[in-house]
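Beneath this line is the structure, given in structure tokens, with notes to follow.
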Amino acid sequence: MNNKELADTFTLIGNLLEIKGEVIYKILAYRKAAETLVVYPRSVADTYKEGGQKGLKEIPGVGPAIAEKIEELLTTGKLEFLEKLKAEVPESLASLLQVPDLGPKKVKLFYDQLGIQTIEQLKAAAEGGQLAGLPGMGKKSEEKILAGLESMARRSGRTPLGDALPFAEEQMALLRKVSGVKRVEAAGSLRRRRDTVGDLDILVAAEDSEPVMEAFTSQPLVARVLGRGPTKASVEYNNGMRAQVWVHPPAKFGTALQYATGSKDHNVRLREIALARGFSLSEHALTRTDDSGEELHYATEEALYEALGLPWVAPELREDRGEVQAAQQNALPKLLTVKEIHAELHSHTTWSDGKQTVLEMAEAAIVRGRKILAITDHSYSLGIANGLTVERLKQQRADIEAARQQLGDRITLLHGTEMEIRADGTLDFDDDTLAWLDFVIASLHVSMRQPREQATQRLLNAIQNPHVDLIAHPTNRLLPDRAGADLDMDAVFAAALENGTALEINSNPSRLDLEDIYARRAAEMGIPIAINTDAHHESHMDFLEYGVANARRAWLTKDHVLNAWPEKKFLAWLHARGT
DNA sequence: GCCGTTTTCGGCCCGACTGTTTTCAGTCG
């Protein structure tokens, strides 16, 4: 049982307990544990093997009861507690909680009164007008549930950052034009630059909220208004995305922005610090907990953090992964910036499935201030991408030489490859060919359903080849829905460290692979990280901001990142690897 | 159910909005 499956089990327990009507804090505890397990960068099974229940309890949010349940799940694959719970509350009721505006109380009500267990039964009952007559329900509530079912069918959960961010920027630009608006900022997971985003959270600073609400809810792209009060409104757009806007007076904007940015767990830490200093922290103010009840307002986040005795914490770090402790010790990392990247080590041209020539890509890299560009077209077994044979690789060398002549010292062109790691773990090129190339990437694209051991061994074969410099998009996941290869990441990292092989953060917003938690762990171990755009067109080079955002979420500084090393240091590293 | 630089027990998730109410329960973030 892997981390995700364990997490899903505890999420299910939380949901079933909620429908059952269990005290909220017990439910929150299960959910908290599930959240922690999902981002736990090691295999929980390994942690258990090494440290038993005691080891499990070192995981934040895991106490005696949950540790015991993890042990049972890992050793037997089943959980007595959950089986008993399912006998009381049918498992399918949990899926009903995903319907917007349908919570545990109503799910229970519908089940008790009408025996509704599935989405289909719910839809039929709502269409048949059977819900409206129930206690606490009315015509409008029934319509809301029907609308919720429709919108659920339309949208597919979380939106990749690469779709959400440009769309949100457009919406925010419109709000900036509203009279009286002083400031508009994204908040929530969008501002924290998570790889996928739920709803868009937008914060507006203005004294008068009414014009903002009017402008926000009457946009042509709005499909329906989900709610609209004096300071808060939410909408659903035609594309299925949802957004909510809060309006706060400029004098309180810092407190509000901090609150709305989250994460929830980061905010809990800040509240604890506030309490220790005699304040309670809300989205509106720091309020003295003594009799005076004095409220302190902050126009900027910097001022609020300062009032808590902390330096400002970059939004990408606010996940309660040690950033508050680091801030208290003045030990926050000096996070990587886009400007610090001056090499692109993964790009494609018309030689394989890219859309532009070597020269065009080089010019595009120069425009963006890159000093090094590696041309890394696919290798022949990726036939769908017109991968190169050894013979074509040699022809390409001539093309690259010609481009080098033309470009002079404006940029250093490296002739590389993105070599396929085949399904059986063998590589497309022999060692002589690899040694002849300037830069060698290896990656997976096919046979992604292999069992963990086989998939891992495949990757290890590439990492252990002394000519392979970098593993691109190591898991080959695709956002928002395709999980990557099932890999033993501990084994992958150990091998990469031993062989000095770099691992990639692929900046394409559909990939962002390595994901943040793994990139952080790899970098902490001392594995060099490369941040590449995998550009198939010059415009893709602008994906870099997503890769860097992901790197910042992984606490990376320029020292961790190959592309940010001084040119000489990078070339020396490459040379030492005996290319 | 978890957690602890004031507590091994008593906190922790509170405010905005909606709809069915008639003073409040449910949902959401």
Side-chain angles (χ1 to χ4, degrees), chain A residues 10 13-14 17-19 21-37 56-70 81 96-110 131-145 147-148 151 187-190 192 197-203 209 213 217 225-236 242-248 255-256 259-265 267-269 271-278 280-285 287 289 309 320 324-325 328-329:
Chain A
F10 291 121
I13 290 174
L17 287 176
E18 190 176 29
I19 294 166
E22 185 57 84
V23 290
I24 186 68
Y25 298 109
K26 195 179 280 198
I27 294 153
L28 291 173
Y30 279 108
R31 293 201 176 136
K32 170 80 188 164
E35 281 169 28
T36 317
L37 294 182
L56 293 175
K57 279 191 274 190
E58 312 249 313
I59 302 172
V62 175
I66 291 180
E68 204 170 288
K69 290 184 175 71
I70 293 175
F81 175 81
L96 293 180
L97 289 176
Q98 285 165 23
V99 179
D101 295 312
L102 190 52
K105 296 285 161 55
K106 284 182 185 165
V107 167
K108 182 151 187 347
L109 177 75
F110 299 165
L131 302 181
L134 297 173
M137 290 287 297
K139 205 72 212 154
K140 278 195 173 172
S141 301
E142 189 172 76
E143 280 164 16
K144 250 180 139 176
I145 284 174
S151 95
S189 54
L190 185 66
R192 302 200 311 279
V197 174
D199 297 347
L200 309 178
D201 297 307
I202 299 172
L203 228 66
S209 66
M213 291 303 166
T217 54
V225 177
L226 302 168
R228 176 173 170 179
T231 62
K232 182 183 163 187
S234 56
V235 302
E236 184 171 304
R242 291 178 171 207
Q244 48 202 336
V245 154
W246 289 271
V247 182
H248 287 271
T255 333
Y259 178 87
T261 298
S263 68
K264 200 178 57 194
D265 292 331
N267 289 358
V268 167
R269 295 277 175 218
R271 279 205 293 274
E272 286 169 3
I273 291 174
L275 278 174
R277 293 177 159 242
S280 74
L281 174 60
S282 76
E283 65 186 295
H284 301 293
T287 309
T289 46
D320 188 27
V324 175
Q325 293 87 329
Q328 284 174 314
Q329 294 156 12

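What you see is a predicted model, and the numbers here were worked out from it, not measured in a lab. Just so it is clear, the values below take in all heavy atoms, side chains as well, and ignore hydrogens, waters and symmetry mates.
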- [ ] Look at all strands and tell whether A:Lys106 reaches a base, only sugar-phosphate, or nothing, counting heavy atoms closer than 4.0 Å.
- [x] sugar-phosphate
Task: Nucleotide B:dC2, atom P - distance to CD of A:Glu35 in whole Å - done: 15 Å
Task: A:Asp201, nearest nucleotide to its side chain (from B:dG29, B:dC2, B:dC13) - done: B:dG29
- [ ] Taking only the side-chain heavy atoms of A:Leu28 (C-beta and beyond), determine which of B:dC17, B:dC13, B:dG1 contains the nearest atom.
- [x] B:dC13
Open item on the list: Please report the distance, rounded to the nearest Å, between CG in A:Leu131 and C1' in B:dG26.
Closed with: 15 Å
Task: Option among A:Lys140, A:Lys144, A:Lys139 that satisfies the side chain to side chain donor-acceptor pair (under 3.5 Å) test with A:Glu142 - done: A:Lys139
Task: Spacing between A:Tyr30 atom OH and B:dC13 atom P, to the nearest angstrom - done: 19 Å
Task: Whole-Å gap separating C1' (B:dC13) and CD (A:Glu283) - done: 13 Å
TODO: Using whole Å, report how far CG of A:Asp101 lies from C1' of B:dT18.
DONE: 9 Å
- [ ] Indicate syn or anti for B:dT7, taking the glycosidic torsion and treating anything within 90° of 0 as syn.
- [x] syn
- [ ] Determine the interatomic distance between P on B:dG1 and the same-named atom on B:dT5; round to the nearest Å.
- [x] 23 Å
- [ ] For A:Val107, answer base if it contacts any base atom (sugar-phosphate contacts may also be present), sugar-phosphate if it contacts only those atoms, and nothing otherwise; contact means non-hydrogen atoms under 4.0 Å.
- [x] nothing
Open item on the list: Using the P atom as the point on both nucleotides, what is the distance between B:dC14 and B:dC9, in whole Å?
Closed with: 23 Å
Open item on the list: Quick one, A:Val62 and A:Thr36 - any side-chain contact, counting heavy atoms below 4.5 Å?
Closed with: no
TODO: State which of B:dG1, B:dA16, B:dC17 makes the closest approach to the side chain of A:Pro230.
DONE: B:dC17
Open item on the list: Using a heavy-atom cut-off of 4.0 Å across all strands, would you classify A:Thr231 as base, sugar-phosphate, or nothing?
Closed with: sugar-phosphate
- [ ] Between B:dT18 and B:dC13, how far apart are the P atoms? Round to whole Å, please.
- [x] 26 Å
Open item on the list: Using a 4.0 Å heavy-atom cut-off, does A:Lys139 contact any base of the nucleic acid, only the sugar-phosphate backbone, or nothing at all?
Closed with: sugar-phosphate
Task: Plane angle bin for A:His248 and A:His284 - parallel if under 30°, tilted between 30 and 60°, otherwise perpendicular - done: tilted
Open item on the list: Over all strands shown, is A:Val62 touching base, sugar-phosphate only, or nothing at heavy-atom distances under 4.0 angstrom?
Closed with: sugar-phosphate
TODO: Taking only the side-chain heavy atoms of A:Ser141 (C-beta and beyond), determine which of B:dA16, B:dG19, B:dC2 contains the nearest atom.
DONE: B:dG19
- [ ] Could you please name the partner base of B:dC9, counting Watson-Crick and G-U wobble pairs only when both distances are under 3.5 Å?
- [x] B:dG4
- [ ] Write down the distance separating the P atoms in B:dT23 and B:dG29, rounded off to the nearest Å.
- [x] 30 Å
Open item on the list: Strictly below 4.0 Å, N to O, side chains only: are A:Arg269 and A:Glu272 in salt-bridge contact?
Closed with: yes
Open item on the list: Could you tell me how far B:dC12 sits from B:dT8 if I compare only their C1' atoms? Round to whole Å.
Closed with: 16 Å
Task: Nearest-0.5 Å distance, CG of residue A:Leu96 to CZ of residue A:Phe110 - done: 9.5 Å
TODO: Tell me which of A:Arg31 and A:Lys57 sits closer to the 5' end of DNA chain B, going by the nucleotide each one is nearest to.
DONE: A:Lys57
Open item on the list: Is the shortest side-chain heavy-atom distance between A:Val245 and A:Thr217 below 4.5 Å?
Closed with: no
TODO: Look at all strands and tell whether A:Lys144 reaches a base, only sugar-phosphate, or nothing, counting heavy atoms closer than 4.0 Å.
DONE: sugar-phosphate
Task: Centroid distance under 5.5 Å and plane angle under 30°, A:Tyr25 vs B:dC2 - done: no
- [ ] For nucleotides B:dA25 and B:dT20, find the distance between their C1' atoms and express it as a whole number of Å.
- [x] 9 Å
TODO: In whole angstrom, give the distance that lies between atom CD1 of A:Ile145 and atom P of B:dC28.
DONE: 10 Å
- [ ] Calculate the interatomic distance between A:Asn267 atom CG and B:dC12 atom P; express it in whole Å.
- [x] 15 Å
- [ ] Could you work out which one of B:dG1, B:dT18, B:dG19 sits closest to the side chain of A:Arg228?
- [x] B:dT18
Open item on the list: When the C1' atoms of B:dC24 and B:dG11 are compared, how many Å lie between them, rounded to an integer?
Closed with: 26 Å
Task: Minimum side-chain heavy-atom gap A:Ile27-A:Tyr30 below 4.5 Å - done: no
TODO: Could you check how far CD1 of A:Ile27 sits from P of B:dG1, rounded to whole Å?
DONE: 11 Å
Open item on the list: Using the rule salt bridge (charged side-chain N to carboxylate O under 4.0 Å, His left out), only one of A:Lys26, A:Lys106, A:Arg31 pairs with A:Glu18; which is it?
Closed with: A:Arg31
TODO: Quick one: label A:Arg271 by what it contacts on the DNA or RNA (base, sugar-phosphate, nothing), any heavy atom closer than 4.0 Å.
DONE: sugar-phosphate
- [ ] Return the 5'-most residue of the pair A:Ala67, A:Arg242 with respect to DNA chain B, ranking by each residue's nearest nucleotide.
- [x] A:Ala67
TODO: Kindly point out which of B:dT27, B:dT20, B:dG1 is positioned nearest to the side chain of A:Lys140?
DONE: B:dT20
Task: Selection from B:dG19, B:dG29, B:dC12 that lies nearest to any side-chain heavy atom of A:Tyr259 - done: B:dG29
Task: Contact under 4.0 Å: A:His284 side-chain N or O vs B:dA16 OP1/OP2 - done: yes
